[in-house]
Amino acid sequence: MSIPLAVETHQLGRVYKIRGNRKEKVIRKELVALENVNLEVQQGELFGLLGPNGAGKTTLIKILTTLLAPTSGWARVAGYDVVTQAAKIRPLINMVSGGESSGYGLLTVRENLWMFAQFYGIPSREANQRIERLIEMVGMSDRLHTKSSDLSTGLRQKMNIVRGFLTDPRVLFLDEPTLGLDVGASRDVRRFIRDWMKEDLTRTIVLTTHYMVEADELCDRVAIINRGRVLACDTPAALKQRLQREAHFEIETGSLNGVNISMVESLPGVRKAVLSGAKGMVRLKFTLAEEAALANVINLFTQQGVKILRLTKQEPTLEDVFVDLVGRSMTEEEEGQNAEA
């Protein structure tokens, strides 16, 4: 008997119909949040959904956690259909969203977690044992009897993380779990996630993030999603390997002196160029068909009087993969979608 996939979707779609005010019955427009999403997540896999804000990641998670019905296609979690068998799925899963403020401020950390454990029917003795073990794993043993209202944002999110793991779900959905956390807290959460997965190789996590480093560091496989469509799905190493045939460089300068993206991309051997940076420091990332084409870029900068402060060759990153697939960086894509909205 074959083991069912942890998550499976087929031609999954979700369309939001945006109406006018209450007096208007006509639909003003339709927003396609997901379109023909086909995914397979194996049991025991830490699977990432990587994409900018507004890409459709949260909509997909809501469908998989039975909080939202799809418009088209179907999805299964632990072998059960998310629409017709939702009641069988819910005891097997849990979900944590970044930035949420779950729990009651007047209750202590232990009391909040114990209450959530009771919702799932976990015996009190076992619940308390799990609470103490998980709280120790995230480094909050000294805050066990602190009211949740007195916790910092980072500690409150760690409590929420523990709440998601507390029920020992077969499939755990983490929607931007490190959103708003500082570097140290984010590192602690990522370490906790890895340790939890190592304890039981049958556990499955579906993680959504727009942080490239997080996806690269944690995930066995990553699906890059944008504007509701899955553009690529593979291991982080394999996704980056597709760009290894090209050469990637970054130039830092104080001013481009009139040099723009079009001028760089028109040079022989230049595949793609992306600008970033704040006032006083400009970074130009560019992809070359071969390293020999670097001389063309240097000559352009020299002719325009651009002073190069630093030139570095870079190994491909997931950001480079996204740029290759979409044509612009994730930040630029978010800004573009906001402008269109």
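- Note on L67: it does not cluster hydrophobically with W74, by side-chain heavy-atom contacts below 4.5 Å among ILVMFWY residues.
- Checking side-chain atoms of T208 against main-chain N and O of E176 turns up a donor-acceptor pair under 3.5 Å.
- A salt bridge between D168 and R203 is present, with a side-chain N of the basic residue lying under 4.0 Å from a carboxylate O of the acidic one.
- Using a 4.5 Å heavy-atom threshold, the side chains of L64 and I93 count as separate.
- Of the possible donor and acceptor atoms, one in the side chain of D220 sits under 3.5 Å from a partner among the backbone N and O of L46.
- In this structure, W196 and F165 have perpendicular ring planes: the angle between them is above 60°, well past the 30° mark.
- Counting only distance, with no hydrogens or angles, the side chain of T9 and the backbone of V37 share a donor-acceptor pair below 3.5 Å.
- For the pair G105 and S149, the tightest heavy-atom approach, listed with the atom from each and the gap, is O-OG, 3.0 Å.
- A side-chain contact (heavy atoms from CB on, under 4.5 Å) with L239 holds for exactly one of L50, D234, T317, L325; it is D234.
- In this structure a side-chain-to-backbone donor-acceptor pair under 3.5 Å is missing from T108 to T146.
- No side-chain heavy atom of R76 sits under 4.5 Å from any side-chain heavy atom of L5.
- A donor-acceptor pair is defined here as one N or O able to donate and one able to accept, closer than 3.5 Å; such a pair exists between the side chain of N38 and the backbone of Q11.
- Of the possible polar contacts, none joining the R283 side chain to the T253 backbone as a donor-acceptor pair under 3.5 Å is found.
- N112 contributes a side-chain N or O that, together with a main-chain N or O of Y104, makes up a donor-acceptor pair within less than 3.5 Å.
- One finds the CD1 atom of I122 at 11.5 Å from the CD atom of Q129 (value rounded to the nearest 0.5 Å).
- In the hydrophobic clustering of ILVMFWY residues, with side-chain heavy atoms under 4.5 Å counting as a link, V32 and L60 come out apart.
- Taking each heavy atom of L284 and A273 in turn, the nearest pair found is CD1-CB, 4.1 Å.
- Across P236 and V222, no two heavy atoms sit closer than the pair CG-CG2, 3.9 Å.
- Between N257 and G305 the shortest heavy-atom distance is ND2-O, 2.8 Å.
- In this structure, R163 CZ and M159 CE are separated by 8.0 Å, a value rounded to the nearest 0.5 Å.
- Rounded to the nearest 0.5 angstrom, I161 CD1 and L174 CG are separated by 5.5 Å.
- Counting heavy atoms from C-beta on, the side chains of Q314 and E319 never come closer than 4.5 Å.
- By the rule that hydrophobic residues join a cluster once side-chain heavy atoms approach within less than 4.5 Å of another member, V323 and L267 end up as members of separate clusters.
- Counting heavy atoms from C-beta outward, I89 and V82 have side chains that approach closer than 4.5 Å.
- In this model, a donor atom of one side chain and an acceptor atom of the other lie less than 3.5 Å apart for T66 and R90.
- Nearest approach of R227 to E333, heavy atoms of both residues: NE-OE2, 2.6 Å.
- Counting heavy atoms from C-beta on, the side chains of L166 and Y120 never come closer than 4.5 Å.
- For E136, the CD atom counts as loosely surrounded, since its 6.0 Å shell holds 12 or fewer non-hydrogen atoms of other residues, nucleotides or ligands.
- Between I61 and the options T65, T59, I63, a side-chain contact (heavy atoms from CB on, under 4.5 Å) holds for only T65.
- When hydrophobic clusters are built by joining Ile, Leu, Val, Met, Phe, Trp and Tyr residues whose side-chain heavy atoms come closer than 4.5 Å, directly or via intermediates, L49 is not grouped with L179.
- Counting only distance, with no hydrogens or angles, the side chain of K57 and the backbone of P52 share a donor-acceptor pair below 3.5 Å.
- When side chains are defined from C-beta on, E332 counts as touching V274, because their heavy atoms get closer than 4.5 Å.
- Checking side-chain atoms of E214 against main-chain N and O of Y211 turns up no donor-acceptor pair under 3.5 Å.
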Only distances under 3.5 Å count here; give the side-chain donor-acceptor pairs of residues 291-301 to other protein atoms, sequence neighbours excluded, each with its distance to 0.1 Å.
from : atom 1 : to   : atom 2 : distance (Å)
E291 : OE2    : K313 : NZ     : 2.3
N296 : ND2    : P268 : O      : 2.9
N299 : ND2    : A295 : O      : 3.1

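- By the criterion of side-chain heavy atoms lying less than 4.5 angstrom apart, applied directly or through intervening Ile, Leu, Val, Met, Phe, Trp or Tyr residues, V213 is not grouped with L181; the two fall into different hydrophobic clusters.
- Screening D216, D320, D324 for a salt bridge (charged side-chain N to carboxylate O under 4.0 Å, His left out) involving K240 leaves a single residue, D216.
- A distance of 6.0 Å separates CG of L39 from SG of C233, quoted to the nearest 0.5 Å.
- Considering only heavy atoms from C-beta on, R14 stays 4.5 Å or farther from K62 through its side chain.
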Practice item. Check the pair R310, E250 against side-chain contact (heavy atoms from CB on, under 4.5 Å), reporting the backbone distance first and the verdict last. Key: CA-CA 8 Å; R310 188 172 70 169; E250 179 180 271; 4.2 Å; yes
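- Counting non-hydrogen atoms of neighbouring residues, nucleotides and ligands closer than 6.0 angstrom, the CZ atom of R110 exceeds 12 such neighbours.
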Point to revise | N128 vs W114, side-chain contact (heavy atoms from CB on, under 4.5 Å): CA-CA, chis, key distance, verdict | key: CA-CA 7 Å; N128 285 323; W114 181 86; 3.7 Å; yes
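- Separation of atoms NZ (K285) and OG1 (T312) is listed at 9.0 Å; rounding is to 0.5 Å.
- The two atoms that bring Q43 and T202 nearest to each other are CG-O, 3.3 Å, heavy atoms only.
- Atom CD of E199 and atom CG of D195 lie 7.5 Å apart (nearest 0.5 Å).
- You'll find the side chain of Y80 reaches within 4.5 Å of the side chain of L92, heavy atoms only.
- In this structure, the side chain of Q157 engages the main chain of P177 through a donor-acceptor pair within 3.5 Å.
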Exercise for review: Tell me, with the steps shown, if D150 and R143 meet salt bridge (Lys or Arg N to Asp or Glu O under 4.0 Å).
Suggested key: CA-CA 10 Å; D150 294 333; R143 300 302 183 99; over 6 Å; no
